[in-house]
Amino acid sequence: MPIAQDPLSVEVTLPREDVALVTVEGYLDVDTATEFQHHLANQLHHGRRHFLLDLSAVPFMDSSGMNIILRVYQEARELPGSVHIISPTPAVRRILDLTGVSITVPVSESVDEALERVDRPQAAPDGPEA
């Protein structure tokens with residue numbers, strides 16, 4: 001008996017030449033993570049250095065989604081660039097907090113807030129290391 005699957009919708013817009021706003025809608029899990037990864041890899045290939053990941057319409061994310069976010073974070077930092085998560089749903093925010101991803105990858109409440117962070121000089125995170 002097939003399991004009903006909610007498709008993943010990924011829309012990419014360019015607020016600036018080197019910034020990709022990636023708006024994700026749907027479940028970000030093992031079944032949909034590859035599609036998400038393809039969109040991010042395509043933007044890296046086209047020279048984007050900063051990634052704004054709008055997760056406001058993602059009701060669920062598993063480790064597959066987190067791993068892709070951490071992978072693009074590592075690749076972007078080497079450019080140098082950045083990754084910012086925007087408006088995660090409460091369930092996704094909880095996962096990000098519990099796993100420590102939200103300590104590594106900045107979480108913003110809006111696109112404007114994330115763009116302000118892109119414009120700030122890169123500084124070490126505040127607070128003691130765990």
Exercise. Begin with the C-alpha distance, continue with both residues' side-chain angles, and end with the deciding distance and a verdict on side-chain contact (heavy atoms from CB on, under 4.5 Å) for Gln43 and Val12.
Key: CA-CA 9 Å; Gln43 293 306 310; Val12 179; 3.6 Å; yes

How many angstroms lie between atom [atom1] of [X] and atom [atom2] of [Y], to the nearest 0.5 angstrom?
| X | Y | atom1 | atom2 | result |
| --- | --- | --- | --- | --- |
| Leu96 | Met61 | CG | CE | 4.0 Å |
| Tyr73 | Glu78 | OH | CD | 11.0 Å |
| His39 | Glu11 | NE2 | CD | 10.0 Å |
| Met66 | Leu98 | CE | CG | 9.5 Å |
| Leu53 | Ser108 | CG | OG | 10.5 Å |
| Thr23 | Leu52 | OG1 | CG | 9.0 Å |

Quiz prompt | Audit row: His38, Asn42, side-chain hydrogen bond (donor to acceptor under 3.5 Å, both in side chains) steps and yes/no | solution = CA-CA 6 Å; His38 285 306; Asn42 185 43; over 6 Å; no

Testing the basics here: between [X] and [Y], what is the closest heavy-atom pair and its distance to 0.1 Å?
| X | Y | answer |
| --- | --- | --- |
| Gln37 | Arg71 | NE2-NH1, 2.8 Å |
| Pro59 | Gly26 | CD-O, 3.6 Å |
| Leu14 | Ala20 | CD2-CA, 4.0 Å |
| Leu28 | Gly65 | CG-CA, 3.9 Å |
| Ala33 | Ile68 | O-CD1, 3.0 Å |
| Thr89 | Val58 | OG1-O, 2.6 Å |

Is it true that a side-chain atom of [X] and a backbone atom of [Y] form a donor plus acceptor pair closer than 3.5 Å?
| X | Y | result |
| --- | --- | --- |
| Thr32 | Leu8 | no |
| Asp62 | Val30 | yes |
| Arg49 | Val19 | no |

Quiz item: Picking from Asp112, Leu21, Val107, what satisfies side chain to side chain contact (heavy atoms under 4.5 Å, CB included) with Ile86?
Solution: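 The single option meeting the side chain to side chain contact (heavy atoms under 4.5 Å, CB included) with Ile86 is Leu21.
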
Quiz item: Checking side chain to side chain contact (heavy atoms under 4.5 Å, CB included) against Val22, which of Asp54, Thr13, Leu40 comes through?
Solution: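 Going through Asp54, Thr13, Leu40 one by one, the side chain to side chain contact (heavy atoms under 4.5 Å, CB included) with Val22 is satisfied by Leu40 alone.
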
Quiz item: Can Phe36 and Val24 be said to form a side-chain contact (heavy atoms from CB on, under 4.5 Å), step by step?
Solution: CA-CA 8 Å; Phe36 179 51; Val24 184; 3.6 Å; yes

Practice problem: Given salt bridge (charged side-chain N to carboxylate O under 4.0 Å, His left out), test Glu113 with Arg117 step by step and report yes or no. | Solution: CA-CA 6 Å; Glu113 181 184 334; Arg117 288 181 170 195; 3.8 Å; yes

Self-check item: Contact check, side chains of Asp119 and Arg16, non-hydrogen atoms, under 4.5 Å
Solution: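 Yes; the side chains approach each other to less than 4.5 Å.
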
Quiz item: Is any side-chain heavy atom of Ile69 closer than 4.5 Å to a side-chain heavy atom of Leu55?
Solution: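 The answer is yes; the side chains approach within 4.5 Å.
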
Exercise. Give a yes or no on whether Leu79 and Val83 share a hydrophobic cluster (residues Ile, Leu, Val, Met, Phe, Trp, Tyr; joining criterion: side-chain heavy atoms under 4.5 Å apart).
Key: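 Leu79 and Val83: one cluster.
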
Quiz item: For residues His50 and Ser82, is any side-chain donor paired with an opposing acceptor at under 3.5 Å?
Solution: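 There is such a pair (donor and acceptor under 3.5 Å, judged by atom type) between the side chains of His50 and Ser82.
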
Quiz item: Is a side-chain donor-acceptor pair under 3.5 Å present for Ser64 with Asp29?
Solution: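 There is no such pair (donor and acceptor under 3.5 Å, judged by atom type) between the side chains of Asp29 and Ser64.
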
